[in-house]
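Throughout, protein chains are lettered first and strands after them, A, B, ... in sequence-line order, and every chain is numbered starting at 1. Note that this is a predicted model, so its numbers are computed, not measured. Only heavy atoms go into these numbers, but all of them, side chains included; no hydrogens, no water, no symmetry mates.
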2 protein chains.
Amino acid sequence: MCYSFGQKVFITTSIGPTLADTPRSSPSTLLDVARRAGVSPSTVSRILNGTAKVSDDKRRAVLTAIDDMKFAPNQMAQGLKKGRSMTIGIVVQDISSPFFDETLRGVDDGLKGTGYASVIVSGHWNAEEEADRIRLLLARKVDGIILLSGRIDDDTVLSFAGQRPIVSTGRAIKTRTALGFKMDNEYGAYLAVRHLIELGHRHIAFISGPTNNTDAADRLAGYTRALREAGIAIDARLIVEGNFHEASGMLAMNRLFDTGQPFTAVFAANDLSAYGARLALYRKGVRVPDDISLVGFDDLPGSAYTTPPLTTIRQPLYDIGRIATHALLRVINGEEARGEVPPLELIVRETTRRLR
Amino acid sequence: MCYSFGQKVFITTSIGPTLADTPRSSPSTLLDVARRAGVSPSTVSRILNGTAKVSDDKRRAVLTAIDDMKFAPNQMAQGLKKGRSMTIGIVVQDISSPFFDETLRGVDDGLKGTGYASVIVSGHWNAEEEADRIRLLLARKVDGIILLSGRIDDDTVLSFAGQRPIVSTGRAIKTRTALGFKMDNEYGAYLAVRHLIELGHRHIAFISGPTNNTDAADRLAGYTRALREAGIAIDARLIVEGNFHEASGMLAMNRLFDTGQPFTAVFAANDLSAYGARLALYRKGVRVPDDISLVGFDDLPGSAYTTPPLTTIRQPLYDIGRIATHALLRVINGEEARGEVPPLELIVRETTRRLR
DNA sequence: CTGTTAGCGCTTTCAT
DNA sequence: ATGAAAGCGCTAACAG
């Protein structure tokens, strides 16, 4: 039964057969097709793979047989035989974060038309779990792995790369089968803070990311460099730690106010924490950008629709996904992997303003 | 090479070996393990699967061999033999939408510890493409399919269900191998509009979803029912069509103003279009909720952090994912699939206010 | 151009 | 309790 009662929805189904014990309309095999078309299995295979010339009449016979029987080659059998599963593994840290979404979209587009499918697993920001998931992918015989914001160390990546090619973001490695590339986070943060300084701000707070995260550390470095270059002293009270999530941005903002230190602008280490900071500001009745300027980092899709739209550092998330995919595919095929990731750039929207 | 130059990042790698032509540290097979442990392959298999009793000494020998050789069974071979790939297919419509994200998170959690992995494909809101993707999944021998917001018609689903069990959202089907359940969208919309009416609003605009979408149609129905019940005449000029995306919400809002019809509240058919509408309002200098009340539908994770936080109808996206997964797993195992999806509910946040 | 044969790595009767 | 042997569905020599 499946009935909707008022607002509740119940679903039930009677006891059905097991996947194992019911052949269903058991899918036809290549052998079935061969028999039906009156040819040998190899001929069918050859047509399927374009491996060799086949006479037109046989080809026609096979093609119609395939059509009639709605035959589709069993990918597991193909994979077992060819040693290629035609699937690649993607390791993300959070299956439902707009950050990874954009990259995944790039991967998806990069895979389009290649015959490859992807299985996505999450490391949940945890090195142990991440390594486990990678082992799982390897057991599944994925042909390659894309590691996004990996937590495991480079040596571990390298050892996995002994089994299958890996391309990873956020690390600078390069061997025969492992390739990594990282964005210049320090530079991005520098850009953000310099923008604020150019607008006349001198008291600029920073909501950092988790200290154990290299991207976060790089962004902090960019923040301090911009300040130093402008001859502005670093005030430790204006730097509070967040964890890249909305709630932490909100908390951080409140802590900033609690210190009593004056500031006219805040740079959040990522958009998500900027959203949280924005809410804290709203709750306090502080106007953005009139009273406080705010800049984020990432340029998530939603950042163009916040109120007001967020000034931020754009990460080419989609491109990273596409480029990583292309690179991996090339390595898998023994070609030279080469790619250029667009640089980080400042997107000035409406949360920053010149200090009068 | 992998070098970072200023802000640009270049990646290159020299020509490497093909996946095919390099055995790498070719993974050990079950046979290798058997030889090393001095037993037959069957014994190893039995230990791996717990299929039969094995003497303690042999078991120990095998286990250490497995450890030494870092053996992991080839899933393709296992799958081919057992007729189970331990993979399920997930069909979404947009690989990077917060809407699907939440559901995917539910699926991911539902799969945790089951040994199943998922391959996610996107139908891109297109029935043709969706059917294609499903065929691909079937060729990959997924053990079951979860179809989220499918575009294909029920008959097509049913025919696919002949090959593998399918559970789908947004449809009321129920056969031996196909199970669908849909949320009561009409009721949800009704809830939203009634809330507005209770707050004293009489002129309530509606930014609809695409007219060819059943969820959108249901929500429109709920809107009209609430109005009718309250004795408020439906004003066609207050209903404008959107397409569920931010930009369309923004456009719709502007069109609403262009009509010149007065209104004090707007109900957007989903959160994304509410975000767009919110921006249009901001641009026009219209305050929310002081001048105009706004309510959305979905309760995306971001909706708690908009400025101000969005009043909306909560869809139990995560639960839907989990429940669908459990149901599918049960069908796969020949058990009775049964589940209850939490009802839609109104979440009152800060974008609605009582009309003075 | 096409068929026959031998596996890919694993599980599973069937004997013992 | 354990091994031998057959085979899942496909591809790739190897003959012809």
Side-chain angles (χ1 to χ4, degrees), chain A residues 19-21 23-24 26-62 65-66 69-86 115 138-141 143 163, chain B residues 18-21 23-24 26-62 65-66 69-86 115 138-143 163:
Chain A
L19 182 60
D21 63 36
R24 295 161 203 285
S26 57
S28 41
T29 72
L30 181 144
L31 187 61
D32 298 332
V33 173
R35 278 203 273 258
R36 164 101 133 196
V39 300
S40 80
S42 357
T43 302
V44 179
S45 173
R46 282 192 264 259
I47 291 174
L48 248 30
N49 300 289
T51 320
K53 283 214 147 31
V54 175
S55 72
D56 265 13
D57 48 336
K58 286 201 202 294
R59 150 166 280 115
R60 247 190 308 278
V62 168
I66 287 179
M69 315 180 71
K70 289 135 143 302
F71 166 77
N74 181 327
Q75 291 241 17
M76 287 196 297
Q78 272 189 171
L80 179 59
K81 180 69 204 182
K82 305 215 253 208
R84 283 196 170 218
S85 60
M86 293 308 283
L138 257 14
R140 281 180 177 274
K141 300 298 171 197
D143 294 339
Q163 313 211 24
Chain B
T18 300
L19 181 60
D21 64 36
R24 299 161 200 286
S26 56
S28 42
T29 71
L30 180 144
L31 186 62
D32 298 332
V33 173
R35 277 201 274 256
R36 164 100 133 198
V39 300
S40 78
S42 349
T43 301
V44 179
S45 172
R46 285 192 263 259
I47 291 175
L48 249 29
N49 301 288
T51 320
K53 282 210 148 33
V54 176
S55 71
D56 264 13
D57 49 334
K58 286 198 201 294
R59 149 166 281 114
R60 247 189 310 278
V62 169
I66 287 179
M69 316 180 71
K70 289 134 144 302
F71 166 77
N74 181 326
Q75 290 242 19
M76 287 197 297
Q78 271 189 170
L80 180 58
K81 184 67 207 184
K82 305 216 251 208
R84 283 196 169 217
S85 60
M86 294 307 283
L138 259 13
R140 280 180 178 274
K141 301 296 171 198
V142 294
D143 294 339
Q163 313 211 22

Item to check | side chain to side chain contact (heavy atoms under 4.5 Å, CB included) evaluation trace for Leu48(B) with Val62(B) | outcome: CA-CA 10 Å; Leu48(B) 249 29; Val62(B) 169; 6.0 Å; no
Next on the checklist: Using a 4.0 Å cut-off to any heavy atom of chain B, which nucleotides of DNA chain C are the first and last in contact, reading 5' to 3'?
Outcome noted: dG9(C) to dT12(C)
Item to check | Shortest non-hydrogen contact between Arg84(A) and Asp143(A), atoms and distance | outcome: CA-OD1, 3.5 Å
Next on the checklist: Could you tell me if the side chain of Lys70(A) sits less than 4.5 Å from the side chain of Leu138(B), heavy atoms only?
Outcome noted: no
Next on the checklist: Show the nearest heavy-atom pair for residues Lys82(B) and Asn49(B), with the distance to one decimal.
Outcome noted: NZ-OD1, 3.2 Å
Checklist outcome for this item: Smallest heavy-atom separation, Ser45(A) atom then Thr51(A) atom, equals O-OG1, 4.4 Å
Item to check | Shortest non-hydrogen contact from Gln78(A) toward Pro73(A) | outcome: OE1-CB, 3.4 Å
Restricting both atoms to N or O, compile the protein contacts to nucleotides 14-16 of chain D shorter than 3.5 Å, with distance only.
none

Table of protein N/O atoms under 3.5 Å from nucleotides 6-9 of chain D N/O atoms:
{"unit_1": "dG7(D)", "atom_1": "N2", "unit_2": "Lys81(B)", "atom_2": "NZ", "d": "3.0"}
{"unit_1": "dG7(D)", "atom_1": "N3", "unit_2": "Lys81(B)", "atom_2": "NZ", "d": "3.3"}
{"unit_1": "dG9(D)", "atom_1": "N2", "unit_2": "Ala77(A)", "atom_2": "O", "d": "3.4"}

Next on the checklist: Mind checking if Thr43(A) touches a base, just sugar-phosphate, or nothing, with heavy atoms under 4.0 Å?
Outcome noted: sugar-phosphate
Next on the checklist: Angle between the end axes of the helix from dC1(C)-dG16(D) to dT16(C)-dA1(D), five pairs per end, to the nearest 10 degrees?
Outcome noted: 40°
Checklist entry - If every non-hydrogen atom of Thr29(A) is compared with every non-hydrogen atom of Phe71(A), which pair is closest and at what distance? => result C-CE1, 3.4 Å
Item to check | CZ on Arg35(A) to CG on Leu31(A), rounded to 0.5 Å | outcome: 4.0 Å
Checklist entry - Does anything in residues 32-42 of chain A reach DNA chain C, meaning a heavy atom under 4.0 Å, and if so which residues? => result Val39(A), Ser40(A), Ser42(A)
Checklist entry - Under the side chain to side chain contact (heavy atoms under 4.5 Å, CB included) criterion, do Met76(A) and Leu80(A) qualify, and how do the steps go? => result CA-CA 6 Å; Met76(A) 287 196 297; Leu80(A) 179 59; over 6 Å; no
Checklist entry - How many angstroms lie between atom CG of Leu30(B) and atom CD1 of Ile66(B), to the nearest 0.5 angstrom? => result 7.5 Å
Checklist outcome for this item: When rounded to the nearest 0.5 Å, the distance separating NZ of Lys58(B) from OG1 of Thr43(B) is 6.5 Å
Checklist outcome for this item: Note: Ala52(A) and Arg46(A) closest approach over all heavy atoms is CB-CD, 3.5 Å
Checklist entry - Going by number, which of residues 47-62 of chain B have a non-hydrogen atom under 4.0 Å from DNA chain C? => result Asn49(B)
